[in-house]
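Have a look at the structure below before the remarks.
Just the heavy atoms: all of them, side chains too, but no hydrogens, waters or symmetry mates, feed the values below. Per chain, numbering begins at 1; letters A, B, ... match sequence-line order.
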Amino acid sequence: MTNSERIRKFYQELHKKFGPQGWWPAETAFECILGAVLTQSTSWKNVEKAIDNLRRGNLISVEGINSITADELALLIRPSGYYNQKAIKIKNFISFLVNEFSGSLDSMFATEKSHLRKKLLSIKGIGPETADSIMLYAGGIPVFVVDTYTWRVLLRHGLVPEVTSYDEIQEIFTDSLQEDAGMFNEYHALLVRLAKDHCRKNNPVCAGCPLEYDPHTV
DNA sequence: CTCCCGATTA
DNA sequence: TAATCCGGAG
């Protein structure tokens with residue numbers, strides 16, 4: 001079986017085992033973007049607390065974020081950790097959105113894919129994973145999102161060396177799969193699910209792993 | 001104590 | 001490449 005075939009088989013097995021994950025858990029595209037920043041190196045549970053605070057204040061909008069200072073924002077998103085930095089990051093994104101697209105997400109997402117990615121990456125605080133998450137989960141643009149979990153799973157299956165760049169890992173998926181936003185959405189979410197349930201950092205639970213070696217199918 | 005859907009700076 | 005940001009859950 002080629003590596004591309006394995007990438008495709010992984011998806012089948014994950015979907016068979018876990019079913020649809022239904023990401024992203026956000027009410028609006030704007031909230032999704034805030035969540036993408038807030039969840040950087042942070043558990044989603046803590047991000048929810050931060051988002052709840054923003055919801056309570058009716059602050060999940062360009063006008064909402066603009067109505068408070070970075071320090072006030074930091075206080076509200078405190079449960080998500082790295083709150084001072086993340087407050088700046090969110091402010092940076094808002095400035096970008098207002099300056100480049102008059103505050104319109106529709107205009108932003110209408111931008112050509114690779115061009116939009118470069119523009120998002122130019123924002124201080126938006127790296128490759130956050131940029132791709134924003135495009136896929138807030139904009140529905142077919143971009144495969146890579147994260148630490150993705151790398152760990154591929155590493156443990158011997159599909160990549162320990163030192164592999166974000167873009168290289170992303171290529172492995174885009175070169176093996178059809179360009180389908182709905183499937184990219186599910187695949188990434190399923191990898192996160194897999195990493196939480198089985199492919200954990202320190203104490204992996206290989207028993208029952210949907211991607212475990214199966215002598216009947218190899 | 002470690003880890004969590006990272007990114008930047010030195 | 002390493003240090004830094006950082007609260008919350010297990």
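- Residue contacts for A/L136: at a heavy-atom cut-off of 4.0 Å it reaches no nucleic acid atom on any strand shown.
- In this structure, A/I126 reaches the sugar-phosphate backbone alone: every heavy-atom distance under 4.0 Å involves primed, P, OP1 or OP2 atoms, never a base.
- Looking only at distances, no side-chain donor or acceptor of A/E186 sits under 3.5 Å from a matching main-chain atom of A/M183.
- Separating the OH atom of A/Y166 from the P atom of B/dT8 is a distance of 13 Å, rounded to the nearest angstrom.
- We find that NZ of A/K86 is positioned 14 Å from C1' of C/dT4, with the value rounded to whole Å.
- Of the possible polar contacts, one joining the A/R152 side chain to the A/C199 backbone as a donor-acceptor pair under 3.5 Å is found.
- If you chain together hydrophobic residues whose side chains sit under 4.5 Å apart, A/I172 and A/L159 fall into the same group.
- Here B/dC4 presents its C1' atom at 13 Å from CH2 of A/W44, a figure rounded to the nearest Å.
- Checking B/dG6, C/dA9, B/dT9 against every side-chain atom of A/K124, the shortest atom distance belongs to B/dT9.
- Residue A/I88 contributes atom CD1, which lies 13 Å from atom P of B/dT8 at whole-angstrom precision.
- Atoms NZ (A/K89) and P (B/dA7) sit 7 Å apart, rounded to a whole Å.
- With C/dG7, B/dG6, C/dC5 as the candidates, the nucleotide lying closest to the side chain of A/N46 is C/dG7.
- Distances were taken from every side-chain heavy atom of A/S43 (C-beta onward) to each of C/dA9, B/dG6, B/dC4; the shortest belongs to B/dC4.
- Heavy atoms of A/S80 sit nowhere under 4.0 angstrom from any nucleic acid atom.
- A donor-acceptor pair under 3.5 Å links the side-chain atoms of A/H188 to the main chain of A/V145, judged by distance alone.
- In this entry the distance linking CG of A/L75 with P of C/dG7 reads 12 Å, nearest Å.
- Nucleic acid contact for A/G127: sugar-phosphate only, since backbone atoms but no base atoms lie under 4.0 Å from a heavy atom of the residue.
- When the C1' atom of B/dG6 is taken as reference, atom CD1 of A/I123 falls 15 Å away, rounded to whole Å.
- For the pair A/Y83 and C/dG7, the criterion of a side-chain N or O lying under 4.0 Å from OP1 or OP2 is met.
- Looking at the side chain of A/Y149, the nearest of the listed nucleotides C/dG8, B/dG6, B/dC4 is B/dC4.
- In this structure, A/K113 contributes its side chain and A/P142 its backbone to a donor-acceptor pair below 3.5 Å.
- Here the nucleotide nearest the side chain of A/P79, chosen from C/dG8, B/dC4, B/dG6, is C/dG8.
- Separation of the P atoms belonging to C/dA3 and B/dT2 is 15 Å when rounded to the nearest angstrom.
- Comparing C/dC5, B/dC4, B/dA7 against the side chain of A/K201 picks out B/dC4 as the nearest.
- Projected onto DNA chain B by closest heavy-atom contact, A/L121 and A/W23 fall at different nucleotides, the more 5' of which corresponds to A/W23.
- For A/R152, a side-chain nitrogen or oxygen approaches OP1 or OP2 of B/dC4 to under 4.0 Å.
- Between the side chains of A/Y166 and A/D132, at least one donor N or O lies within less than 3.5 Å of an accepting N or O.
- Residue A/R193 is classed as having no contact, given no heavy-atom separation below 4.0 Å to the nucleic acid.
- For A/I77 and C/dC5, the CD1 to P distance is 16 Å, given to the nearest whole Å.
- Not one side-chain nitrogen or oxygen of A/T42 sits closer than 4.0 Å to the OP1 or OP2 atom of C/dG8.
- Proximity of A/K49 to the phosphate of C/dA9: a side-chain N or O atom is located under 4.0 Å from OP1 or OP2.
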